[in-house]
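Accompanying notes for the structure given below.
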Amino acid sequence: MATVSMDDLVALCRRRGFIFQSSEIYGGINGFWDYGPLGTLLKRNLKQAWWNDMVERELVGPDGQPVDIVGVDCTIIMNPKVWEASGHVGGFNDPMVDCKESKARYRADHLMCLGLKGDKVGQIFAYVESDDTSLAQARRKLEKYIKRELADGDIDRCAFTALSAGERAITVGPDAKTPGTLTEPRQFNLMFKTNVGAVEDPTNIAYLRPETAQGIFANFDNVLNSTRVRVPFGIAQVGKAFRNEVTPRNFTFRSREFEQMEIEFFIRPDSAAEWYAWWRDSRFRWWQSIGLSSGNLQLREHASDELAHYAKAGAGTSDIEYRFPFTAPGFGELEGVAHRSDFDLRQHATHCGKGDKMRYFDQERNERYFPHVIEPSAGADRGTLALLCEAYTPDPARPSGVVMRFHPRMAPVKAGVFPLVNKDGMPEVAERLYRDLRKRHVVEYDPKQSIGKRYARMDEAGTPYCFTIDGDTLTNQTVTVRHRDTLEQSRIAIDQVPAWLDERLG
RNA sequence: GCGGGUGUAGCUCAGUGGUAGAGCGCCACCUUGCCAAGGUGGAUGUCGAGGGUUCAAGUCCCUUCACCCGCUCCA
């Protein structure tokens, strides 16, 4: 792929109204982005395609049977106990320690310390847990400080988090020489906090959801009782989620407010491997189907040491990854497909005290069990960003200098309708065609300036087709079709234009 | 959080302590007969923000915000 400059893409997004920085007139705010008119259409097309293809249209599963998926739309703020059950209140807090000397940052719970047994005033040496080099280095520094070789029995070990402020002051960092350069552990709370009720009080703390998945699990029993779904089935949700990321970076890729498209697919525990593989492969094909078909898309199976706590014993976790300009030659995650086992339903069963409600009664097998879950969890903003990156094609040969080659189904504007010149009855005919097409599609009418400028503007917006009414239209009822990607022109009858467009947009 | 870089019109960028500029784009009219043609006219700036030095700051100093790169982090 040609090297796409992220700066140029960001500039185009601003200039043409795909993406703006949030609250830009006040200097912006780190990690938050707004979608402009074209960007909103693009992102809606992505989300609509996902909803149509996953929930509304027929999907055929690995067993040849139709796949059943129903939708929910849950609140962003939930009872805070949900996040205790899910593990986010505990797991989302990583205390961090910075070293003022080496400028390195460590997870406090990954730091261990060495000291001379019984010594309360000498120096303590920190090292990184399960890092043998770091351990050996700390031991060498300790021996040098004590000025003799030490046996294992002479050495005290403890966690950095167990040290008092006084002890931290005499502690030497893993990559430092002088003591006292490590800061006290600082909490990085990745969940946004708020208060429910007008009075701020520790008793009414709530969180903005860090994932949409828990709304689905919390409604598992409601969906079972209100619909006729039977395992295997899925519950889908599209919605905002919030994470107080340490470092928002790379345009919209790591935003603090973002939108997810998630399915929790509930299955019999013994069919996990089959469904996991099917979801992984069909989600990969889906991204290809909306235009990410080049070599920029890859499927990556997680190594066992990077599996999340809920996926340890499962059939696996895969990332569907896209080669973004800022990750190239590496890849960045678009969607994760994880076998979450029965972790979440079990957690909620324990925490809410209604164990049986979270279990599923399988009438066919006459047994009650916690279904296992395959979770395809996609980022709508990351998907939109990938569509933008994939579409962005510099082309010095054309007047715009760049063309956005969106898949027609994703393109924000499906067609432009122009009178070749703004007189001689052409605008009237063009406007009639525009109003006719507009009944079903997003199309634009533009009678102003030269025809070349109008084609160029449509190239930048990624509009796949333009229909131009000229002198011949008035006599033989045909129009010119201009194709964005090939610059090719052909003529078709004006009354066939709506059907011609429908056919190409699916 | 740390280190480095950047910030002037919608965009790309000039700007020597002394009146805020250009090209492109945008808008109107004319012209225009298939790829940003031409003419005439027009609108557009808290020079990222706040403070300071100075007779005078886009320019020098301090603080801060945002973006980019690296480190760190990413349940």
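Lettering follows sequence order; numbering is per chain, from 1. Hydrogens, waters and symmetry mates play no part in the numbers below; they use all other heavy atoms, side chains included.
With no hydrogens or angles considered, a side-chain donor-acceptor pair links A/Asp470 and A/Thr473 at under 3.5 Å. For the 3.5 Å distance criterion, the side chains of A/Thr393 and A/Asp395 fail to qualify, holding no donor opposite an acceptor. Residues A/Glu262 and A/Thr212 bring a donor and an acceptor atom of their side chains to less than 3.5 Å of each other.
Side-chain N/O atoms of A/Thr480 include none lying less than 4.0 angstrom from OP1 or OP2 on B/C34. Under 4.0 angstrom from either OP1 or OP2 of B/C34 there lies no side-chain N or O belonging to A/Lys453. For the OP1/OP2 pair of B/C26 and a distance below 4.0 Å, the side-chain nitrogens and oxygens of A/Gln449 include at least one atom meeting the criterion. A sub-4.0 Å separation between OP1 or OP2 of B/C69 and a side-chain N or O of A/Asn250 is present.
Of the candidates A/Ile320, A/Val337, A/Leu292, A/Phe284 forms a side-chain contact (heavy atoms from CB on, under 4.5 Å) with just one, namely A/Ile320. Tested against A/Trp33 for a ring pair (Phe, Tyr, Trp, His ring centres under 6.0 Å), the candidates A/Phe18, A/Phe253, A/Phe251 yield a single pass: A/Phe251. Put simply, the residue from A/Tyr455, A/Tyr434, A/Phe418 that forms a side-chain contact (heavy atoms from CB on, under 4.5 Å) with A/Asp446 is A/Phe418.
By the 6.0 Å contact criterion, CD on A/Gln260 is enclosed, its count of non-hydrogen atoms from other residues, nucleotides or ligands being greater than 12.
Projected onto RNA chain B by closest heavy-atom contact, A/Arg16 and A/Gln21 fall at different nucleotides, the more 5' of which corresponds to A/Arg16.
Within 4.0 Å (heavy atoms only), A/Leu487 reaches at least one base atom of the nucleic acid. Residue contacts shown for A/Gly31 are limited to sugar-phosphate atoms, with no base heavy atom under 4.0 Å away. Within 4.0 Å (heavy atoms only), A/Glu488 reaches no atom of the nucleic acid at all. A/Met426 comes within 4.0 angstrom of a base, heavy atoms only. Across all strands shown, A/Glu245 has no heavy atoms under 4.0 Å from either base or sugar-phosphate atoms.
When rounded to the nearest whole Å, the span between CZ of A/Arg457 and P of B/C26 equals 5 Å. Rounded to whole angstrom, the span from the CZ atom of A/Arg254 across to the P atom of B/C69 amounts to 12 Å. Distance A/Arg14 CZ to B/A66 C1': 11 Å, rounded to the nearest Å. Taking atom CG of residue A/Asp446 and atom C1' of nucleotide B/C26, one finds them 13 Å apart after rounding to whole Å. Atom NZ of A/Lys448 is separated from atom P of B/C29 by 6 Å (rounded to the nearest Å).
Here the nucleotide nearest the side chain of A/Tyr455, chosen from B/C67, B/C35, B/A75, is B/C35.
Annotation: cation-pi pair A/Arg256/A/Phe242 absent, no NZ/CZ under 6.0 Å from the ring centroid and within 45° of its normal.
Stem analysis of RNA chain B (at least three stacked-register Watson-Crick or G-U pairs, each with both distances under 3.5 Å) gives B:1-7 with B:65-71, B:10-13 with B:21-24, B:26-30 with B:38-42, B:48-52 with B:60-64.
Side-chain to base pairing of A/Arg482 with B/C35: one donor and one acceptor N or O lie within less than 3.5 Å of each other.
Taking atom C1' on both B/C13 and B/G58, the two are 14 Å apart, rounded to the nearest angstrom.
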